[in-house]
Protein chains: 2
Amino acid sequence: MKLAKAQIAQFSAICEALSDEDDDLKRGILAHAGNRWSLGVVYTLGTRGTLRHAELIRALPKITQRMLTLTLRRLERDGLISRHDYQQKTPHPRVEYGLTTLGESMLLNMLPLWNWIIENSAAFRQSRDDFAARELG
Amino acid sequence: MKLAKAQIAQFSAICEALSDEDDDLKRGILAHAGNRWSLGVVYTLGTRGTLRHAELIRALPKITQRMLTLTLRRLERDGLISRHDYQQKTPHPRVEYGLTTLGESMLLNMLPLWNWIIENSAAFRQSRDDFAARELG
DNA sequence: CGGAATCCCACGAGATACTG
DNA sequence: CAGTATCTCGTGGGATTCCG
């Protein structure tokens, strides 16, 4: 396979955009894709709708309460989720989180990459094994 | 906007796949998307073809020699780039790097996410400013 | 030229305990 | 319930020096 000229042009435009003065901001957004919990939170809110803190904890059994809070803050800061505090103290505090339109669009635009990874996971495994073997031999 | 049922089903399948026993491997691949230099290296090799170590240094002015080596190793380990050592010592060593077919397909599957980030960068900036303002007020 | 070795810092992340 | 507050660790990443 070889990249077509039109594709190369598109990549050039994108790379230029990714290298401008807002570099840090854009890579910060991209970081959500690689974070340990962001995907799980966004996916859960996207498929199940608005949820409370404790419901998210139950939906993601291995997350710690601290990491959930941190992840939610970062996603909220970047406009991917919304936080609604009912300001209620009795019988319990009530805070709900939901995906924003921006968050939903992120989910949709992550699809190609996710599918690509899943489709090629066997190749990745093979490649890592080969690489490890080469390092020994 | 609301996610369609068909989309939710697709997300469910993907999330299940992303949560299986190969979780670490797949998230490791996803990490390339968030790494500081992986995108630049993959993009450069994709648009300019096979390049030597020193040529990549010149193409990415701000990268250090150490980070280039580390990035190349990780990409090679996962089968995204290939390394060809000509085993030549005079007049100079000669090692060339190029994108594999897998690497090219990654580039193509990253496009939607990149475009999404670029299209919405103003919204991210706005969201971060609002968030910072809320923290103060 | 193509690295490896060493030192350093920042930050994501886990574990645990505490609070209004 | 919905968080903070600490502590610790691992790793990405930068700077610098050295080598065949």
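Throughout, protein chains are lettered first and strands after them, A, B, ... in sequence-line order, and every chain is numbered starting at 1. Computed from heavy atoms alone, side chains included, the values below leave out hydrogens, waters and symmetry copies.
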How close or far is atom [atom2] of [N] from atom [atom1] of [X], stated in whole angstroms?
X     : N      : atom1 : atom2 : result
B:R36 : D:dT11 : CZ    : C1'   : 17 Å
B:H32 : D:dG13 : NE2   : P     : 11 Å
A:D24 : D:dG14 : CG    : P     : 11 Å
B:I57 : C:dG2  : CD1   : C1'   : 10 Å
B:L68 : D:dA15 : CG    : C1'   : 16 Å
B:K62 : D:dA15 : NZ    : P     : 11 Å
B:K89 : D:dC19 : NZ    : P     : 16 Å
A:E55 : D:dC1  : CD    : C1'   : 11 Å

Would the number of heavy atoms belonging to other residues, nucleotides or ligands and lying under 6.0 Å from CZ of B:R48 be above 12?
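At most 12 heavy atoms, drawn from other residues, nucleotides or ligands, come within 6.0 Å of this atom.
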Specify the residue among A:L70 and B:A54 whose closest nucleotide of DNA chain C lies further upstream toward the 5′ end.
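Nearest nucleotide further toward 5': that of B:A54.
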Indicate yes or no: does B:E76 engage A:R134 in a salt bridge with an N to O separation below 4.0 Å.
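Between A:R134 and B:E76 there is a salt bridge, with a charged N closer than 4.0 Å to a carboxylate O.
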Using a strict 4.0 Å threshold on nitrogen-to-oxygen distance, state whether B:D85 and B:R83 make a salt bridge.
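Salt bridge present between B:D85 and B:R83.
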Nearest to the A:T69 side chain among C:dA13, D:dC1, D:dT4, which nucleotide is it?
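So the side chain of A:T69 is nearest to D:dT4.
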Among the nucleotides C:dG2, C:dC1, D:dC1, which one has an atom lying closest to any side-chain atom of A:R58?
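Shortest atom-to-atom distance from the side chain points to D:dC1.
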Is any side-chain N or O of [X] closer than 4.0 Å to OP1 or OP2 of [N]?
X     : N      : value
A:R73 : D:dA2  : no
B:R52 : C:dG2  : yes
B:W37 : D:dG14 : yes

For [X], answer base if it contacts any base atom (sugar-phosphate contacts may also be present), sugar-phosphate if it contacts only those atoms, and nothing otherwise; contact means non-hydrogen atoms under 4.0 Å.
X     : answer
B:N35 : sugar-phosphate
B:Y97 : sugar-phosphate
A:R66 : base

Identify the heavy atoms of B:G79 and A:S127 that sit nearest to each other, and give their distance.
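In terms of heavy atoms, the two residues are closest at N-OG, 2.9 Å.
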On DNA chain D, compare the nucleotides closest to A:P93 and B:P93; which residue's is nearer the 5' end?
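Upstream on the strand: A:P93.
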Going by modelled atom types, is there a donor-acceptor pair between the base of D:dA15 and the side chain of B:Q65 at under 3.5 Å?
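Result: no qualifying N/O pair found.
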Centre of B:Y86's six-membered ring, under 6.0 Å away, within 45 degrees of the axis: is that where NZ or CZ of B:R94 sits?
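Verdict for B:Y86: a cation-pi partner in B:R94.
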